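The model shown is predicted, which means the values in this text are computed figures rather than measured ones.
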Amino acid sequence: MRSEWGQVAEQADRLQEIRLRANQPVTVLMDNKEWFLSKEGGFTQDMSYASYSGEKELEAILTHVCHYSIYAFTDEIRQGFMTIPGGHRIGLSGQVIMEDRNQVRNLKYIRYLNIRIAHEIKGVSDPLLPGLYDDKGEPYNTLLISPPGCGKTTMLRDLVRNVSNGNSYGRGVNVSVVDERSEIAGSYLGIAQNDVGIRTDVLDGCPKTEGMMMLIRAMAPRVLAVDELGSDGDVQALRTASGCGCKLFATIHGSSLEEVKYKKFMSGVIADKLFDRYVVLTRKNGNCEVEGVYTGEGVRCLN
């Protein structure tokens, strides 16, 4: 099937996802629109012309990605995803093998692959910088709010790069990133594949709650960055980090500041004004854009 991917590779800059499912058509997400991979290697909206993935083909792809030693990647497979050179991520699904204490030991019969193409957009956070620094050149504690698939991780990554390297609003400072799902830095063999700045340290594949404390003790960051807050534990770790003098960058799923306020685990965070700035991303006419930047009191400070 490799011969069918020539035209796909030519559109790498536009690709977002490639989904392979056993005995199902190959689907490609490109420019926010779904296509089928055709038998001739092009793109089609007609499923009757679509190319299908077979079980042996999926096994061959996974074996190739694992450098023909799947056992060496057991830890990554157990988590349900792998990061490959370039920062691209492959989501995995199949039959789960459980062990005591209801923990996932491994996956077998992997029959579903979701290849997510990493795209850096350097400079995407530049317009936000005037609203994210105080008059002394210190970054504000900032929460990025966004619906799924609207660029919050891309924005966070570029913001980390800007703060790490320094910019016209503040000098460069040490930044630590807890990259639980390997999406921010896209590390491969411990090395960030995405540009997260010259003063950035990355803890890859570690849960946020443990990772934040590890980095504070080990790396003494000025800024601590995490993606996708989702639990009371995440919030408590953020509070502890703030108490240690770290500035905070984080993201959360939501369509508005009001929606985030009603998330149970976030109610205290909003009330206590743990964050000084809220950046709200939104989708309009199929495009993702910044809806606004708000203060801790919810007042718009940057359009």
Side-chain angles (χ1 to χ4, degrees), residues 1-70 73 76-96 107-121 124 146-154 157 179-189 192-194 204-205 227-228 283 286-288:
M1 184 178 173
R2 291 186 183 183
S3 61
E4 300 177 11
W5 292 92
Q7 293 186 46
V8 175
E10 292 174 2
Q11 303 299 329
D13 290 342
R14 300 169 59 200
L15 287 178
Q16 295 163 271
E17 289 184 351
I18 301 171
R19 289 185 178 265
L20 306 169
R21 302 176 174 97
N23 306 317
Q24 297 296 333
V26 177
T27 60
V28 176
L29 185 64
M30 184 170 62
D31 297 335
N32 293 315
K33 185 177 181 180
E34 183 185 73
W35 298 83
F36 296 112
L37 178 67
S38 73
K39 298 172 184 177
E40 292 75 27
F43 304 98
T44 179
Q45 295 287 307
D46 188 341
M47 194 170 69
S48 64
Y49 289 99
S51 176
Y52 280 65
S53 299
E55 296 174 19
K56 291 185 178 180
E57 183 183 4
L58 292 175
E59 291 174 356
I61 291 172
L62 183 61
T63 300
H64 178 72
V65 168
C66 293
H67 307 292
Y68 302 93
S69 180
I70 290 180
F73 289 82
E76 289 89 343
I77 292 173
R78 177 174 54 81
Q79 295 179 75
F81 67 89
M82 301 172 58
T83 303
I84 61 176
H88 313 298
R89 194 172 78 157
I90 303 178
L92 311 169
S93 188
Q95 184 175 337
V96 172
L107 290 176
K108 66 177 182 179
Y109 304 128
I110 295 170
R111 298 294 183 257
Y112 310 91
L113 303 180
N114 178 19
I115 304 172
R116 300 181 63 180
I117 311 301
H119 293 288
E120 289 186 279
I121 308 179
V124 69
S146 166
C150 211
K152 66 183 183 311
T153 304
T154 300
R157 180 189 304 122
D179 204 359
E180 184 171 3
R181 297 179 179 85
S182 304
E183 290 185 302
I184 303 172
S187 297
Y188 179 72
L189 300 180
Q193 303 293 292
N194 296 320
D204 183 58
D227 200 13
E228 296 191 10
R283 189 186 301 276
N287 298 315
C288 295

Inset, instruction - Give the intermediate values and the outcome of side-chain hydrogen bond (donor to acceptor under 3.5 Å, both in side chains) for residues D46 and S48. - result: CA-CA 5 Å; D46 188 341; S48 64; 2.7 Å; yes
Inset, instruction - Determine, step by step, whether I110 and I77 satisfy the side chain to side chain contact (heavy atoms under 4.5 Å, CB included) criterion, reporting the C-alpha distance in whole Å, the side-chain angles of both residues, the deciding distance to 0.1 Å, and the verdict. - result: CA-CA 9 Å; I110 295 170; I77 292 173; 3.9 Å; yes
Inset, instruction - I would like to know whether L15 and V8 meet side chain to side chain contact (heavy atoms under 4.5 Å, CB included); could you show each step before the answer? - result: CA-CA 8 Å; L15 287 178; V8 175; 3.5 Å; yes
Legend entry - Stepwise side chain to side chain contact (heavy atoms under 4.5 Å, CB included) check, Y52 with K39: CA-CA 8 Å; Y52 280 65; K39 298 172 184 177; 5.8 Å; no
Inset, instruction - Please test E55 against R21 for salt bridge (Lys or Arg N to Asp or Glu O under 4.0 Å), starting from the C-alpha separation and ending with a verdict. - result: CA-CA 8 Å; E55 296 174 19; R21 302 176 174 97; over 6 Å; no
Inset, instruction - Kindly determine whether R157 and K152 satisfy side chain to side chain contact (heavy atoms under 4.5 Å, CB included), including the steps that lead there. - result: CA-CA 9 Å; R157 180 189 304 122; K152 66 183 183 311; over 6 Å; no
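Between atom CD1 of residue I115 and atom CD1 of residue I61 there is a gap of 6.0 Å, rounded to the nearest 0.5 Å. Note that CD of Q45 and OG of S38 are 11.5 Å apart. Values are rounded to the nearest 0.5 Å. Taking OG1 of T154 as the start and CD1 of I121 as the end, the distance is 5.5 Å to the nearest 0.5 Å. If you take CG on D179 and OG on S187, they are separated by 6.0 Å, rounding to the nearest 0.5 Å. Atoms CZ and CG, from R14 and L29 in turn, are 11.0 Å apart once rounded to the nearest 0.5 Å. Rounding to the nearest 0.5 angstrom, the gap separating the CG atom in L92 from the CE atom in M82 is 6.5 Å.
With contacts defined as side-chain heavy-atom distances shorter than 4.5 Å, the pair Q16/I117 does not qualify. Residues V65 and I84 form a side-chain contact, since some pair of their non-hydrogen atoms from C-beta on lies under 4.5 Å apart. By the 4.5 Å heavy-atom criterion applied to side chains, E59 and R111 are counted as neighbours.
Taking all atoms of both residues into account, the shortest heavy-atom contact from A12 to H119 is O-CE1, 3.1 Å. Residues R283 and C150 come closest through the heavy atom pair N-SG, 3.9 Å. The two atoms that bring P25 and F36 nearest to each other are CB-CD2, 3.7 Å, heavy atoms only. Looking at every heavy atom in both residues, A118 comes nearest to G86 through CB-O, 3.9 Å. When all heavy atoms are compared, the tightest approach of G205 to Q79 is O-OE1, 3.9 Å.
Using a cut-off of 4.0 Å between Lys/Arg side-chain N and Asp/Glu carboxylate O, E183 and R116 are scored as salt-bridged. Ion pair E34/R19 not flagged as a salt bridge, since none of the NZ, NE, NH1 or NH2 atoms sits closer than 4.0 Å to an Asp/Glu carboxylate oxygen.
Ring geometry for F43 versus W35: interplanar angle over 60°, hence perpendicular rather than tilted (30 to 60°).
A cation-pi arrangement is present between R89 and F81 under the rule of less than 6.0 angstrom and at most 45 degrees off the ring axis.
Annotation for Y49: atom OH does not count as buried by contact number, only 12 or fewer foreign heavy atoms lying within 6.0 Å.
In terms of modelled atom types and a separation under 3.5 Å, the side chain of N194 and the main chain of I184 share a donor-acceptor contact. Listed for the D227 side chain is no donor-acceptor partner under 3.5 Å among the backbone atoms of T153.
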